[in-house]
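Right, one structure below, let's go through it.
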Amino acid sequence: MDNNIKANDIHKKVIFSGIQPTGKITIGNYLGSIKNWIPMQEEFDSIFCVVDMHSITVNQIPAELRKNTYDLLALYLACGLDPQKSILFVQSHVPAHAELAWVLNTITYVGEMNRMTQFKDKSRKHADNINMGLMDYPVLMASDILLYQTDLVPVGIDQKQHVELARDIAQRFNNRYSPTFVVPECYTPKIGAKIMSLQEPTAKMSKSDENENAVVTMLDDKDAIMRKFKRAVTDSDTEVRFDVENKPGVSNLLSIYSCFTGKTIEQAQNEFSGKGYGDFKIKVAESVIEGIAPIQSEQQRIAKDKAYMDEVLKDGAMRACRIAYKTLDKVYKKVGFIPKIR
Ligand code: ATP
Ligand code: LTN
C-alpha cells in the first residue's frame with residue numbers, strides 16, 4: 001500500500017526520528033540514534049525533532065525543560081545534523097502532532113496501550129504519576145512518524161515496539177478509510193542499538209538511571225569518563241571476547257569501542273587478545289573521550305548562540321508544518337470533518 005502512495009514519487013525516502021529533552025544525553029542515545037542519523041542525511045529526506053511534548057509525560061521542571069530543549073538542539077547540530085540538509089524542529093512548534101494524535105487515538109485500543117513495555121516500565125518507575133499522556137505516548141509517537149509519510153525510523157532497539165504500533169495504526173487507518181499513510185519501518189544499527197549500563201550490563205543504559213557510574217553522558221569530562229569505564233562491571237574471567245550471554249559487560253565495552261573507532265568487533269577482539277581487562281577498559285575510555293571531545297566543544301559553542309538556534313527552529317517548524325498539514329488535511333477529510341473556510 002505504501003508503494004501505491006509513492007508510486008509516482010521521485011522523492012527520496014523519508015526518515016524521521018526524535019529524542020526527548022529529558023536530561024543529559026547518554027552515549028547510548030548517541031550510538032543508538034544520532035550517530036546513525038548523520039550519514040543518513042545524505043541519502044534521505046531527513047526530519048529530526050526534539051520531542052518536548054513526549055517529555056512532559058513525566059514530571060519536568062519548566063525552566064529545565066527549556067534549557068534541555070536548547071541543549072539537545074545544540075547537540076544535534078554539534079554532532080553534524082545540518083539544517084541545510086535536514087529539517088530540525090521542536091515538536092510543540094507544529095500543532096499538527098497533537099491534532100493527528102487525537103484522530104489516531106480513536107483507532108487505537110486501550111488493550112494495545114496496556115501491553116507497551118515502556119509504559120509498563122515507566123508506570124513502575126513513576127507510580128505516583130501514571131497519567132493519560134504516559135499511556136498515550138506511543139500514539140503521539142505514531143503521529144510524529146505518520147505525519148511526514150516516513151519510510152524509515154532510525155532508533156535504538158527499545159523503540160521497536162513503538163514503531164511497530166505506528167505501523168499497525170497506519171495500516172488500520174489505511175484499511176478503514178483509504179490509503180493515506182506510508183507504513184514506516186524501524187531501522188536499528190547492527191552495533192550500538194542497545195548499549196548497556198556500565199554497572200548492570202544486562203540492563204539498558206538509561207539517562208534516567210540513578211547510579212551515575214552506570215551512565216556515560218555526552219557532557220561528561222575526561223576524568224569522569226575514564227573513572228566510569230575503569231569501574232565498569234565485567235566478569236571474573238580475563239578474556240576479552242564478544243559473548244553477550246556469558247560476558248555481557250565485556251561485550252558491551254567491545255560494542256562501544258567498535259562504534260567509536262569504526263573497527264569491527266572481531267578486529268577489536270583481536271587487538272585485546274592476551275591483554276587484561278585493565279588495559280582494555282582504558283582503551284575503551286580513550287576511544288570515547290576522543291570521539292566525543294569535538295562534539296562537546298561544538299555543543300558548548302552552539303548552546304551559547306541562542307539567536308542561531310532560534311533561526312534554525314523557526315525555519316524547521318515552517319518546513320515541518322508544510323508537510324504535516326498536508327497529511328492532516330487529508331486525514332480530516334477522510335474521517336469526515338468539514339473543511340474550514342479560509
Ligand atoms: P529514558 O531512559 O529516560 O526513558 P532514554 O535514554 O531511553 O530515556 P529517549 O529519549 O527515550 O532516551 O531515547 C532517544 C533515542 O535513544 C531512541 O532512539 C532510543 O532508542 C535510543 N536509546 C536510548 N537508550 C539507548 C541505549 N542504551 N542504547 C542504544 N540506544 C538507546
Ligand atoms: N519515544 C522515542 C522518542 C520519539 C521518537 C518519535 C523516535 C518520540 N517520537 C518518533 C522516533 C520517531 C524515544 O526514544 N523514547
Side-chain angles (χ1 to χ4, degrees), residues 1-18 40-41 43-54 85-110 112-113 132-133 135-155 159 162-187 313-342:
M1 189 166 319
D2 43 346
N3 292 338
N4 286 344
I5 295 168
K6 292 217 151 181
N8 303 319
D9 208 336
I10 47 157
H11 287 113
K12 298 178 188 169
K13 288 199 167 191
V14 176
I15 60 170
F16 181 100
S17 197
M40 294 179 103
Q41 297 179 101
E43 197 184 330
F44 297 96
D45 276 338
S46 310
I47 308 172
F48 301 110
C49 186
V50 175
V51 290
D52 55 350
M53 289 161 68
H54 277 105
K85 294 181 185 154
S86 300
I87 298 178
L88 305 180
F89 74 106
V90 170
Q91 189 184 30
S92 63
H93 292 180
V94 180
H97 290 246
E99 293 168 310
L100 178 61
W102 180 253
V103 176
L104 300 182
N105 271 331
T106 64
I107 59 161
T108 308
Y109 301 104
V110 172
E112 290 177 296
M113 298 292 95
M132 287 305 296
M135 192 176 195
D136 206 27
Y137 180 115
V139 178
L140 180 59
M141 179 162 160
S143 164
D144 298 340
I145 295 167
L146 301 184
L147 269 179
Y148 300 94
Q149 306 294 354
T150 302
D151 296 285
L152 273 187
V153 185
V155 282
Q159 293 303 309
H162 287 162
V163 178
E164 269 157 20
L165 179 86
R167 286 173 63 82
D168 290 346
I169 294 177
Q171 275 160 344
R172 198 173 298 158
F173 189 96
N174 289 348
N175 289 337
R176 188 168 304 182
Y177 297 99
S178 61
T180 308
F181 296 120
V182 168
V183 180
E185 273 174 42
C186 189
Y187 172 90
L313 292 182
K314 183 177 162 197
D315 181 61
M318 203 182 64
R319 289 158 68 200
C321 272
R322 227 178 277 143
I323 307 170
Y325 278 98
K326 215 167 126 192
T327 302
L328 190 73
D329 283 352
K330 273 193 209 159
V331 167
Y332 274 16
K333 209 161 147 193
K334 296 206 182 187
V335 301
F337 294 165
I338 61 166
K340 186 167 152 196
I341 308 300
R342 291 177 208 271

* Euclidean distance, D144 CG relative to H162 NE2, rounded to 0.5 Å -> 11.5 Å
* Taking all atoms of both residues into account, what is the closest heavy-atom pair of H93 and A317, and its distance? -> CB-CB, 3.8 Å
* So Y148 and F16, would you call those rings parallel, tilted or perpendicular, with 30° and 60° as cut-offs? -> parallel
* To do: Measure the shortest side-chain to side-chain distance between V14 and I323 over non-hydrogen atoms and say whether it is less than 4.5 angstrom.
  => no
* Distance-minimising heavy-atom pair for S143 and L100 -> OG-CB, 3.4 Å
* Asked: Under 4.5 Å between any side-chain heavy atoms of Q171 and D168, yes or no?
  -> yes
* Spatial distance of atom CG (D136) from atom CE (M113) [nearest 0.5 Å] -> 7.5 Å
* To do: Begin from the C-alpha positions of K85 and S46 and carry the test side-chain hydrogen bond (donor to acceptor under 3.5 Å, both in side chains) through to its verdict.
  => CA-CA 7 Å; K85 294 181 185 154; S46 310; over 6 Å; no
* Structure fact -> So CG of N175 and OG1 of T180: to nearest 0.5 Å the spacing works out to 10.0 Å
* To do: Hey, could you give me the CZ/CG distance between R319 and L88, rounded to the nearest 0.5 Å?
  => 8.0 Å
* Show your working on side chain to side chain contact (heavy atoms under 4.5 Å, CB included) between M135 and V110 and close with a plain yes or no. => CA-CA 9 Å; M135 192 176 195; V110 172; 3.8 Å; yes
* Supply the atom-to-atom distance I47 CD1 to Q41 CD, rounded to the nearest 0.5 angstrom. => 12.0 Å
* Asked: Got a sec, which residues hit ring pair (Phe, Tyr, Trp, His ring centres under 6.0 Å) with F48, two or more places apart in sequence or on another chain?
  -> W37
* To do: Could you list the residues that satisfy side-chain contact (heavy atoms from CB on, under 4.5 Å) with K314, not counting sequence neighbours?
  => none
* To do: With sequence neighbours excluded, tell me which residues meet side-chain contact (heavy atoms from CB on, under 4.5 Å) with S92.
  => D52, M53, V90
* Under 3.5 Å, is there a donor-acceptor pair between the side chain of K330 and the main chain of F181? -> no
* Structure fact -> The side-chain contact (heavy atoms from CB on, under 4.5 Å) partners of D329 (sequence neighbours excluded) come to R342
* Asked: Any salt bridge between R172 and E112, counting N to O under 4.0 Å?
  -> yes
* Residues that R322 engages under side-chain hydrogen bond (donor to acceptor under 3.5 Å, both in side chains), provided they are two or more places apart -> none
* Under the side-chain contact (heavy atoms from CB on, under 4.5 Å) test, which residues partner C321, sequence neighbours left out? -> V94, Y325
* Please tell me if the side chains of D315 and M318 come closer than 4.5 Å, counting only heavy atoms from C-beta onward. => yes
* To do: Go through N105 and W102 one step at a time and tell me if the side chain to side chain contact (heavy atoms under 4.5 Å, CB included) criterion holds.
  => CA-CA 5 Å; N105 271 331; W102 180 253; 3.9 Å; yes
* In Å and rounded to the nearest 0.5 Å, what is the CG to OH distance from D151 to Y187? -> 14.5 Å
* To do: Please tell me if the side chains of K334 and S178 come closer than 4.5 Å, counting only heavy atoms from C-beta onward.
  => yes
* To do: Quick one: closest heavy-atom pair of S17 and P154, and the distance?
  => OG-O, 2.8 Å
* **Closest non-hydrogen atom pair, L104 against L146** => CD1-CD1, 4.2 Å
* To do: Before giving the answer on side chain to side chain contact (heavy atoms under 4.5 Å, CB included), spell out for V51 and L140 the whole-Å C-alpha distance, their side-chain angles and the decisive distance to 0.1 Å.
  => CA-CA 10 Å; V51 290; L140 180 59; over 6 Å; no
* Considering all heavy atoms, the nearest F44-K12 contact -> C-CD, 4.0 Å
* Taking the six-membered ring for Trp, are Y332 and F337 parallel (under 30°), tilted (30 to 60°) or perpendicular (over 60°)? -> perpendicular
* Asked: Hey, does Q149 have a side-chain heavy atom less than 4.5 Å from the side chain of T327?
  -> yes
* For the residue pair I169 and I107, what are the closest heavy atoms and their distance? -> O-CD1, 3.7 Å
